[in-house]
Amino acid sequence: MFLDELKWINESGLYRQMKYLQSPQQPYVKIAGKSYLMLSSNSYLGLCNDQRLKQAAMDTMEKYGVGSGGSRLTTGSYEVHKKLEDEIAAFKGAEAALLFNTGYMANIGAISSIAGKDWVIFSDRFNHASIIDGCRLSGAEIIIYKHCDASDLETKAHSHRGRRALVVTDGLFSVDGDIAPLPEIIQVAKKYNMLLMVDDAHATGVLGKNGGGTADYFGLQNEIDIQMGTFSKALASEGGFIAGNRGLIDYLANKARSFIFSTALAPATVAVSLRALEIVQAEPRLRQSLIANSAWFREKLREIGFEIMDFPTPIISVVLGQPELTVNFSNRLMGKNIFVSAIRPPTVPQGTSRLRINLMATHTVDDLAPAIDSMAAIGKELGILNDTRN
Ligand SMILES: *Cc1c(COP(=O)(O)O)cnc(C)c1O
C-alpha cells in the first residue's frame, strides 16, 4: 500500500528527497562534496555559523552538559530556560512567555489548549501546517477565511457572533512572502471579542523597527493576545515560544501537552537563542542588509521578466505553476551550483508550484548577481521567459 501511494506521489512530480549538507548553513553550503550558493535557507540573518553563538553553546555545555535530562515540569528546567522566557517576553512586549521544543509544538500545544470543542477558530487560508494541526487537535469548529482578507473574516465572525472564538494568522506568510493586515484583523477581533494569535515564525528578528516581528512592523505589539514564534529561523537556533499575559502562560504550562510531555530543550540550545536575541537587538544592520538584498533581488528578477510580488520581506516566490516544471527549474539551478527549493502541493495550492527564494543578510551582490543570470538563462531554456535576443 505504501508503494502504490509513493508511485502516485512520484508520478505527480511531488516526490520529495532530502539533500544532506556537509557544511554550516551559510551563503555557500557543501552538498555531496560540491559548493552551492544557498538561496533557500530560513537562517535569514546568516547566524547559523556565528562564532558568538557557537561560543555561547560551548560555554553552556561546559557548565551544564548536553541533554536537559527531563521535561520542564519535572527535572529539565534550567536557569537559562527561565532567562530566555523573560527575555523573549520583553522582546515581544508581553508579560510572560513559555518555551516549547519547536515552533510546531508551540502551535499545536497552544491552540489545542486555548480552544475547546465549543469554540470556533477563524484561520487564514494559507496558515502554516502546524496551525492547521493545532486547530484540528483542539476539536473546535474551524472556519477558513480568505487569505489576508479582514472583511471576509468579519463576515464570517458576524455569522458566528456570540461564540467563544480565536482568530489565528501567520504574521509573515512563507507561501507568498506577504504580511498579514494586522491593523484590520485586530479591529475585527476586538469588535467580535475574539482572541487573536499571530504566528511570527518568519518575522521574528526580521520585520519591525526592533526586529520584533509583524506586530512590531505595525507598531501594534500590545494588541496581540497570543504571540507565537520560533528561534529556528532568523535566530539560528531551535525552539518555539508563546508570549502573552501571565495568566495565559501559566495556563499553557499546566495544560499544553506538547509542553508537558516532552523533554526540555538542551541548555546549550537555549543559550544560543539568548545570545541570538541579543545580537538581533544590538545589530539592526543585519535586518537592514537582509531587506536591502531582498529588494535588490526582487527588482532584478522583475528586470529579467519574472512576475514578482512586491513585499518588504526576504521571501520571494517565483510562481511557475506545475510541479514538474518547478522541479525541473530547481534541478537546473542545482546544475549551476545554486540551491533554490521547489515548493509544491500540498505545501501550496494546486497550480501554484513555485521556486521559493529566501535571502540572507550575509549574501553580497557578488554572490547574488550570477544567480540572476542563471535564472534568466534557465527561464529562456524552459520557455518561461521570452527570448528577447533577435
Ligand atoms: C517554521 C514554521 C513553524 C514551525 O517552527 P519550527 O520551530 O520549525 O517547528 C511554525 N509556523 C510557521 C509559520 C513556520 O514557518
Side-chain angles (χ1 to χ4, degrees), residues 42 57 60-61 63-89 92 94-121 123 127-142 164 166 168 170 195 197-201 204 224-233 235-274 276-277:
N42 289 331
T60 307
M61 238 177 238
K63 193 166 169 193
Y64 292 130
V66 284
S68 70
S71 68
R72 288 293 304 284
L73 295 173
T74 59
T75 56
S77 276
Y78 290 73
E79 284 172 326
V80 278
H81 291 98
K82 167 77 175 130
K83 182 139 197 276
L84 181 56
E85 286 171 339
D86 290 346
E87 292 293 326
I88 193 69
K92 289 283 179 176
E95 271 177 28
L98 189 68
L99 293 181
F100 288 75
N101 290 347
T102 65
Y104 184 93
M105 290 168 76
N107 271 335
I108 61 168
I111 297 171
S112 66
S113 308
I114 291 164
K117 290 198 174 25
D118 52 334
W119 283 57
V120 52
I121 303 177
S123 176
N127 274 345
H128 189 260
S130 56
I131 296 179
I132 296 168
D133 291 358
C135 293
R136 288 179 182 157
L137 205 52
S138 74
E141 183 178 355
I142 303 163
R164 299 235 268 176
L166 170 71
V168 57
D170 277 25
L195 282 178
M197 174 167 176
V198 175
D199 173 339
D200 245 352
T204 301
I224 316 293
D225 303 299
I226 304 148
Q227 301 194 62
M228 175 274 172
T230 179
F231 296 102
S232 61
K233 289 173 177 153
L235 292 150
S237 180
E238 284 176 354
F241 64 86
I242 301 285
N245 69 40
R246 216 168 285 287
L248 168 75
I249 297 309
D250 205 19
Y251 173 79
L252 291 180
N254 284 278
K255 222 27 208 191
R257 294 170 65 83
S258 63
F259 173 81
I260 299 169
F261 298 104
S262 191
T263 299
L265 286 167
T269 302
V270 176
V272 171
S273 303
L274 260 173
L277 203 50

Asker: Hey, what do you get for CD1 (Ile121) to SG (Cys135), rounding to the nearest 0.5 Å?
Answerer: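 That separation rounds to 4.0 Å.
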Asker: Nearest 0.5 Å please: distance from the CG atom of Asp200 over to the CG atom of Asp170.
Answerer: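 Rounded to the nearest 0.5 Å, the CG-CG separation comes to 8.5 Å.
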Asker: Tell me the closest heavy-atom pair linking Phe259 and Leu252, and the distance in Å.
Answerer: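 Closest approach of Phe259 to Leu252, heavy atoms only: CD2-O, 4.5 Å.
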Asker: For the pair His81 (side chain) and Leu265 (backbone), establish whether a donor and an acceptor sit closer than 3.5 Å, ignoring hydrogens and angles.
Answerer: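 Side chain of His81 to backbone of Leu265, a donor-acceptor pair under 3.5 Å: yes, one is there.
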Asker: Quick check: are there more than 12 heavy atoms from other residues, nucleotides or ligands sitting under 6.0 Å from CD of Glu238?
Answerer: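 No, because the 6.0 Å sphere around CD of Glu238 holds 12 heavy atoms or fewer from other groups.
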Asker: Would you find a donor on one side and an acceptor on the other, under 3.5 Å apart, between the side chain of Asn127 and the backbone of Ile132?
Answerer: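 Pair absent, no side-chain N/O of Asn127 close to backbone of Ile132.
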Asker: Between CG of Asp133 and CE of Met105, what distance do you get to the nearest 0.5 Å?
Answerer: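 Reported to 0.5 Å precision, the distance equals 13.0 Å.
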Asker: Which of these passes side-chain contact (heavy atoms from CB on, under 4.5 Å) with Ile242: Leu248, Ile114, Leu99?
Answerer: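 Of the listed options, the one satisfying the test is Leu248.
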Asker: What distance separates Met197 CE from Ile111 CD1, expressed to the nearest 0.5 Å?
Answerer: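 These two atoms lie 4.0 Å from each other.
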Asker: Ignoring hydrogens and angles, tell me if any N or O in the side chain of Ser77 forms a donor-acceptor pair with the backbone of Arg72 under 3.5 Å.
Answerer: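 Yes; judged by distance alone, with no hydrogens or angles, the pair exists.
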Asker: Run the salt-bridge test on Glu79 and Lys63 with the 4.0 Å N-O cut-off and return the result as yes or no.
Answerer: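 Salt bridge flag = no for Lys63 with Glu79.
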Asker: Which pair of non-hydrogen atoms, one from Pro267 and one from Val66, has the smallest distance, and what is that distance?
Answerer: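 It is CD-O, 3.6 Å.
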Asker: Which atoms form the tightest heavy-atom contact between Ala115 and Ser138, and what is the distance?
Answerer: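 Minimum heavy-atom contact is O-CB, 3.4 Å.
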Asker: I need the minimum non-hydrogen distance between Ala201 and Asp199, along with the two atoms involved.
Answerer: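 The answer is N-OD1, 2.9 Å.
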Asker: Show the nearest heavy-atom pair for residues Gly67 and Tyr78, with the distance to one decimal.
Answerer: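 Looking at all heavy atoms of both residues, the closest pair is O-OH, 4.1 Å.
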Asker: Mind checking whether Val168 and Asn107 have side chains closer than 4.5 Å, heavy atoms only?
Answerer: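 Sidechains of Asn107 and Val168: no contact.
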Asker: Using every non-hydrogen atom in the two residues, find where Ala97 and Ile88 come nearest and quote the distance to one decimal.
Answerer: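 It is CB-CG2, 3.5 Å.
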